[in-house]
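Here is the naming used below: chain letters follow the sequence lines, and residue numbers restart at 1 for every chain. As a basis for the values below, the full set of heavy atoms in this structure was taken, side chains included, without hydrogen atoms, waters or symmetry mates.
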Amino acid sequence: MVRITLPDGSVKEFASAPTAGEVAASIGAGLAKSALGARVSLNATAGELVDLSHRIDQDAKVAIITAKNRDGTVSPDALYLLRHSCAHIMAEAIGRIFPGVQLVYGPPLETNFYYDMAFPEGKAMSTEDFEKVEAEMAKIVAENRPFTRYDLPIDQGMAKLQSEGSKFKLDNAQRAIDAGSTALSWYATGEPGKNWEDLCRGPHVPATGKIGAFKVLSLASSYWKGDEKLDRLTRVYGTAFATKEELESYNKLQDEAKRRDHRVLGKQLRLFHIDEMVGQGLILWTPKGSIVRNELQNFIGNELRRQGYFQVYTPHIGKLDLYRTSGHFPYYRESQYPPIVEHDEMARLASEGCTCGELSNRMASGEIDGYMLKPMNCPHHIRIFASEPRSYRDMPVRLAEFGTVYRWEQSGEIGGMTRVRGFTQDDAHLFVREDQIAEEVLGCLSIVKLIFGTLGMHDYRVRVGLRDPDSAKYVGDPANWDKAEAACRNAAATLGVPYSEEAGEAAFYGPKIDFVVKDVIGRSWQLGTVQVDYNLPIRFDLSYAGADNKSHRPVMIHRAPFGSMERFVGVLIEHFAGAFPCWLNPEQVRVLPISEKSADYANELLAALKAKGIRATVDHGNDRVQAKIKIAAEEKIPYMAVVGPRDAEGRVVSVRTRGSMTPEGANLGEMPFDAFVAGIAAEIEQRLLSGAPGTVQANLTKPV
RNA sequence: GCCACCGUAGCUCAGUGGUAGAGCACACCCUUGGUAAGGGUGAGGUCGAGGGUUCAAUCCCCUUCGGUGGCUCCA
């Protein structure tokens with residue numbers, strides 16, 4: 001007797017061990033038909049995802065997986081099964097088109113799946129083959145062949161793999177054995193021995209026909225086991241859903257993501273430019289993007305003054321010796337631009353016949369000096385701190401600078417504004433007494449909180465990087481580490497958002513708090529960071545005079561709430577989909593005269609707006625208003641002031657937003673001339689988000 | 001850095017072994033129109049760069065630069 005408990009709490013009893021499919025059938029024929037798999041739990045855990053053919057030989061909780069949950073939401077388990085199964089179908093299809101392809105590994109992912117394969121020498125798949133592959137896949141799906149599992153004991157299974165001669169599958173099997181598997185399983189798409197099959201631990205949907213919709217997405221390369229020294233593989237991405245509708249909405253989402261992509265919007269809205277002639281990964285801030293950046297810098301600058309920071313300026317280069325002391329040179333040589341050597345030195349070395357290799361070595365050893373583009377701002381700031389004697393009364397000393405740094409990123413990693421070779425950090429270094437760490441870290445976080453709150457960015461992750469207790473790579477006194485870690489943890493807790501503590505994620509010099517956001521295509525980016533540092537003060541032998549008249553070592557806090565201006569603005573473009581709130585927007589109001597007859601009134605409004613420091617223009621073109629509206633809306637200008645003879649007569653403006661796609665909804669109606677100007681000014685002054693209470697938009701649309 | 005794909009007008013893209021096309025943007029003219037594109041005319045390209053094959057290359061081949069998607073990396 002096997003007792004099966006269903007999710008609603010009801011219990012079914014079976015005389016002999018049923019398969020998951022039989023359990024489904026016992027509940028109803030409809031369920032049996034739509035079932036894709038089951039989740040079986042022997043204890044209180046979430047349980048294991050299994051095939052419908054899986055036999056349940058003891059009492060268990062069983063949930064039958066169908067494409068949609070009972071509440072109509074899409075089941076992640078169902079997608080997992082569909083995609084895992086579709087990976088097999090795609091592999092079979094590709095195998096038909098490219099005989100001799102070796103399979104490596106094909107897992108399902110969050111929104112898609114891939115299959116890594118090794119193509120025979122000289123053969124390669126291209127995106128042009130996608131149609132052919134999809135056509136083959138469609139055939140396999142139409143044949144509705146069952147996924148049939150069979151198990152072999154390890155020795156037989158390994159012998160089978162040996163004879164087939166795939167080192168990749170042999171390795172997969174070996175890893176499964178190492179992980180404790182007692183048998184190896186295969187899945188045939190149809191009949192074992194007759195149809196296509198793959199070593200696979202499963203589970204799968206019952207038959208190929210369950211794949212309602214699929215698509216081959218893209219082609220990429222990967223390394224076997226992610227190791228660049230091992231075989232290079234071809235990775236084919238695809239995705240699958242239970243229905244065509246789901247695939248369509250997935251496609252729509254991808255299009256939407258593309259529309260929000262900061263690289264696309266940045267070009268469309270002329271926010272920044274990357275120029276071949278200037279160099280990869282080097283951002284040129286155009287006038288419009290510069291306005292956004294400037295507003296952000298002013299915003300944070302105000303807060304820094306309030307918190308007692310001192311603004312400093314430092315040059316873009318520094319002597320190699322500075323970086324030998326800080327430890328950046330030569331150890332991080334790979335990620336820095338090569339050093340700059342002076343004319344005389346170069347001439348002398350050339351006459352000696354010094355090779356590049358020698359030059360490099362002699363620089364590393366300190367025999368030759370030169371300058372380096374700064375990879376970080378801290379060394380310069382440290383020298384400012386060290387430039388005068390410091391007393392415990394002066395502490396903390398907070399030095400802030402929008403400092404531009406340069407790093408040599410691999411060419412394949414550079415892209416858009418989020419990964420660049422030159423970027424400006426909203427950097428600051430706080431030189432603090434040990435007893436001030438906790439409070440100062442809190443102060444740093446309050447800035448981050450203010451920024452994220454003001455910009456309405458709530459979808460971020462906080463990571464507290466702690467030291468790995470088993471590692472000896474960390475510098476400093478363990479007792480200090482404990483205190484610093486506690487300070488970071490407590491500070492993170494004040495943010496009111498969930499945070500994760502990650503052991504081993506600390507820098508070697510101290511613990512840190514990182515803020516991580518995702519971009520539209522799901523890539524994670526670290527933005528702001530706060531790091532406690534015990535190391536650099538030692539390397540630079542920093543000190544201050546204590547109350548006891550003895551010399552004490554300060555602790556440094558590195559912090560950059562935005563991270564880098566480039567990356568932050570890139571993420572911000574995507575966050576707002578280019579529609580910046582009024583205070584950040586390059587153009588805040590566009591005045592749209594109905595015709596030339598209203599030109600004077602339009603100019604009067606423009607002058608009044610400009611007098612308040614509002615960024616406004618007039619569209620005096622001979623287009624009709626409809627066209628002017630379309631242009632302004634496409635430029636994502638928050639407010640349009642439509643003015644015609646009626647408005648001039650009543651001294652009002654007709655306000656419209658770039659608003660929604662419903663034209664009527666974006667037309668806000670009339671507002672007195674002075675109230676409009678004052679309303680916009682107030683909205684900017686308070687840095688309100690678009691549509692937030694207090695904005696012109698909200699005031700005009702609020703119910704009477 | 002590695003692999004695949006891509007590079008044609010300011011932008012988005014079509015196209016061909018016989019020296020190029022659309023839409024939008026731009027300029028000018030007509031139109032003065034009340035909430036997401038009125039109409040006409042025109043200008044604009046060394047087809048990313050260098051080399052090769054060919055009677056002939058934007059198209060085929062090689063190299064190079066740049067972009068995209070991944071992999072690897074990221075103090």
*Asks:* Who pairs with A/Tyr534 by ring-ring contact (aromatic ring centres under 6.0 Å, His included), at least two apart in sequence or on another chain?
*Replies:* none

*Asks:* Choose from B/A37, B/G33, B/C71 the nucleotide whose nearest atom is closest to any side-chain atom of A/Ser595.
*Replies:*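 The answer is B/G33, which lies nearest to the side chain.
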
*Asks:* Given the rule that a pair is Watson-Crick or G-U wobble with both distances under 3.5 Å, how would you write RNA chain B in dot-bracket, using | for pairs to a different strand?
*Replies:* (((((((..((((....[..)))).(((((.......))))).....(((((..]....))))))))))))....

*Asks:* From NE2 of A/His328 over to P of B/A75, roughly how many Å is that when rounded to an integer?
*Replies:*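 My rounded result for the distance is 11 Å.
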
*Asks:* Salt bridge or not between A/Lys628 and A/Asp623? Use side-chain N to carboxylate O under 4.0 Å.
*Replies:* no

*Asks:* Ignoring the backbone of A/Lys597, work out which of B/G1, B/U32, B/G34 is nearest its side chain.
*Replies:*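 My answer, after comparing the listed nucleotides, is B/U32.
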
*Asks:* Quantified in whole Å, what is the C1' atom distance between nucleotide B/A56 and nucleotide B/U16?
*Replies:* 14 Å

*Asks:* Between A/Met376 and A/His328, what is the shortest heavy-atom contact and its length?
*Replies:*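 Shortest heavy-atom separation between A/Met376 and A/His328 comes out as SD-NE2, 3.0 Å.
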
*Asks:* Between A/Thr286 and A/Arg270, is there a donor-acceptor pair closer than 3.5 Å when you use the side chain of the first and the backbone of the second?
*Replies:*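 Indeed, once roles are kept as given, a pair shorter than 3.5 Å links the two residues.
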
*Asks:* Can you check the distance between B/A20 and B/G44, where both ends of the measurement are the C1' atom (answer in whole Å)?
*Replies:*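 Looking at atom C1' only, B/A20 and B/G44 are 13 Å apart.
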
*Asks:* Between A/Glu505 (CD) and B/C74 (P), how many Å, whole number?
*Replies:* 11 Å

*Asks:* Write down the distance separating the C1' atoms in B/U19 and B/U8, rounded off to the nearest Å.
*Replies:*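 14 Å, rounded to whole Å.
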
*Asks:* Contact class for A/Glu596 (heavy atom, under 4.0 Å): base, sugar-phosphate, or nothing?
*Replies:* base

*Asks:* Among the candidates B/A37, B/A75, B/G70, find the nucleotide nearest to the side-chain atoms of A/Arg235.
*Replies:*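 Side chain of A/Arg235 sits closest to B/G70.
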
*Asks:* Do any pairs count as a salt bridge (Lys or Arg N to Asp or Glu O under 4.0 Å) and have a residue in residues 93-103 of chain A, sequence neighbours left out, and if so which ones?
*Replies:*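 Sorted result for residues 93-103 of chain A: A/Glu92-A/Arg96, A/Arg96-A/Glu136.
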
*Asks:* Nearest whole angstrom, please: distance from the P of B/A37 to the CG of A/Leu592.
*Replies:* 14 Å

*Asks:* Choose from B/A36, B/G67, B/U68 the nucleotide whose nearest atom is closest to any side-chain atom of A/Gln280.
*Replies:* B/G67

*Asks:* If I take atom CG in residue A/Asn112 and atom P in nucleotide B/G69, what distance separates them, rounded to the nearest angstrom?
*Replies:* 14 Å

*Asks:* Which nucleotide in the list B/C71, B/A75, B/U32 gets nearest to the side chain of A/Tyr223?
*Replies:* B/C71

*Asks:* Assess whether atom NZ of A/Lys225 is packed by more than 12 heavy atoms of other residues, nucleotides or ligands within 6.0 Å.
*Replies:*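 Result for NZ/A/Lys225: enclosed.
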
*Asks:* Considering only the P atoms, how many Å lie between B/C55 and B/A49, rounded to the nearest integer?
*Replies:* 24 Å

*Asks:* Polar-atom pairs under 3.5 Å, protein N or O versus N or O of nucleotides 39-44 of chain B: list them with distances, or write none.
*Replies:*
none

*Asks:* Between B/C47 and B/G10, how far is it from one P atom to the other, in whole Å?
*Replies:* 13 Å

*Asks:* Between A/Gln254 (CD) and B/G69 (P), how many Å, whole number?
*Replies:* 12 Å

*Asks:* With sequence neighbours left out, what residues match A/Asp600 under salt bridge (Lys or Arg N to Asp or Glu O under 4.0 Å)?
*Replies:*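 Counting only residues at least two positions away or on another chain, A/Asp600 forms no salt bridge (Lys or Arg N to Asp or Glu O under 4.0 Å).
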
*Asks:* List for me each residue that meets salt bridge (Lys or Arg N to Asp or Glu O under 4.0 Å) alongside A/Lys319, sequence neighbours excluded, and say none if there are none.
*Replies:* none

*Asks:* Rounded to whole angstrom units, what separation is found between the CE atom of A/Met117 and the P atom of B/C71?
*Replies:*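 Value for this atom pair: 16 Å.
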
*Asks:* Does A/Lys630 or A/Gly621 map to a spot on RNA chain B nearer the 5' end, using the closest nucleotide for each?
*Replies:* A/Gly621

*Asks:* So, using salt bridge (Lys or Arg N to Asp or Glu O under 4.0 Å) as the criterion, who are the partners of A/Arg324 when residues are at least two apart?
*Replies:* A/Asp321, A/Asp369

*Asks:* Which nucleotide in the set B/A75, B/C74, B/A37 lies at the smallest distance from any side-chain heavy atom of A/Ala627?
*Replies:* B/A37

*Asks:* Going through the checks in order, is the salt bridge (Lys or Arg N to Asp or Glu O under 4.0 Å) test met by A/Arg175 and A/Asp171?
*Replies:* CA-CA 6 Å; A/Arg175 275 191 296 171; A/Asp171 184 76; 3.4 Å; yes

*Asks:* Please measure how far the P atom in B/G34 lies from the corresponding atom in B/G42, and state the result in whole Å.
*Replies:* 30 Å

*Asks:* Here's a test of your reading of the structure: between A/Gln410 and A/Pro645, which maps to the more 5' nucleotide of RNA chain B?
*Replies:* A/Pro645

*Asks:* Round to a whole Å and report the spacing from CD1 of A/Ile274 to P of B/U68.
*Replies:* 7 Å

*Asks:* Tabulate atom names and distances for all N/O pairs under 3.5 angstrom spanning the protein and nucleotides 3-11 of chain B.
*Replies:*
| unit_1 | atom_1 | unit_2 | atom_2 | d |
| --- | --- | --- | --- | --- |
| B/C3 | O2 | A/Ser221 | OG | 3.4 |
| B/G10 | O2' | A/Arg270 | NH2 | 3.4 |

*Asks:* Identify which nucleotide among B/C73, B/G34, B/C71 has an atom closest to any side-chain atom of A/Tyr237, counting heavy atoms from C-beta outward.
*Replies:* B/C71

*Asks:* Could you tell me whether A/Arg259 and A/Glu256 make a salt bridge, using a distance below 4.0 angstrom between a side-chain N and a carboxylate O?
*Replies:* yes

*Asks:* Just jot down the ring-ring contact (aromatic ring centres under 6.0 Å, His included) partners of A/Phe673, sequence neighbours excluded, or say none.
*Replies:*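 With sequence neighbours excluded, A/Phe673 shows a ring-ring contact (aromatic ring centres under 6.0 Å, His included) to A/Tyr601, given in chain and number order.
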
*Asks:* Has A/Arg651 got more than 12 heavy atoms of other residues, nucleotides or ligands less than 6.0 Å from its CZ?
*Replies:* yes

*Asks:* Are OP1 or OP2 of B/G1 and a side-chain N or O of A/Ser411 less than 4.0 angstrom apart?
*Replies:*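 True: A/Ser411 side-chain N/O within range (under 4.0 Å) of B/G1 OP1/OP2.
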
*Asks:* For atom P, what is the distance between B/U46 and B/A9, given to the nearest Å?
*Replies:*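 The same atom, P, in both gives a distance of 10 Å.
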
*Asks:* Looking across every strand, which nucleic acid part, if any, lies under 4.0 Å from A/Gln336 by heavy atom: base, sugar-phosphate, or nothing?
*Replies:*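 Here A/Gln336 touches the bases of the nucleic acid.
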
*Asks:* If the plane angle is over 60° it's perpendicular, under 30° parallel, otherwise tilted; pick one for A/His316 and A/Tyr406.
*Replies:*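 Rings of A/His316 and A/Tyr406: tilted, 30 to 60°.
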
*Asks:* Within the structure shown, what part of the strands sits under 4.0 Å from A/Val642 by heavy-atom distance: base, sugar-phosphate, or nothing?
*Replies:*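 Answer is base: heavy atoms of A/Val642 come under 4.0 Å of a base.
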
*Asks:* Within this structure, what is the CE-to-P distance between A/Met417 and B/U68, rounded to whole angstrom?
*Replies:*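 So the CE-P distance, A/Met417 to B/U68, works out to 13 Å.
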
*Asks:* Residues from residues 559-571 of chain A sitting under 4.0 Å of RNA chain B, heavy atoms only?
*Replies:* none

*Asks:* Which nucleotide in the list B/A75, B/G69, B/G34 gets nearest to the side chain of A/Arg263?
*Replies:*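 The answer is B/G69, which lies nearest to the side chain.
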
*Asks:* Can you list the residues that meet the side-chain contact (heavy atoms from CB on, under 4.5 Å) rule with A/Pro107, with sequence neighbours excluded?
*Replies:* A/Tyr105, A/Tyr114

*Asks:* Which whole number of Å gives the distance between the P atom of B/G38 and that of B/C71?
*Replies:* 46 Å

*Asks:* Please check this pair: side chain of A/Arg567 against backbone of A/Leu527, looking for a donor-acceptor N/O pair closer than 3.5 Å.
*Replies:*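 Side chain of A/Arg567 to backbone of A/Leu527, a donor-acceptor pair under 3.5 Å: no, none is there.
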
*Asks:* Residues in salt bridge (Lys or Arg N to Asp or Glu O under 4.0 Å) with A/Glu634, at least two apart?
*Replies:*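 A/Glu634 satisfies salt bridge (Lys or Arg N to Asp or Glu O under 4.0 Å) with A/Lys630 only.
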
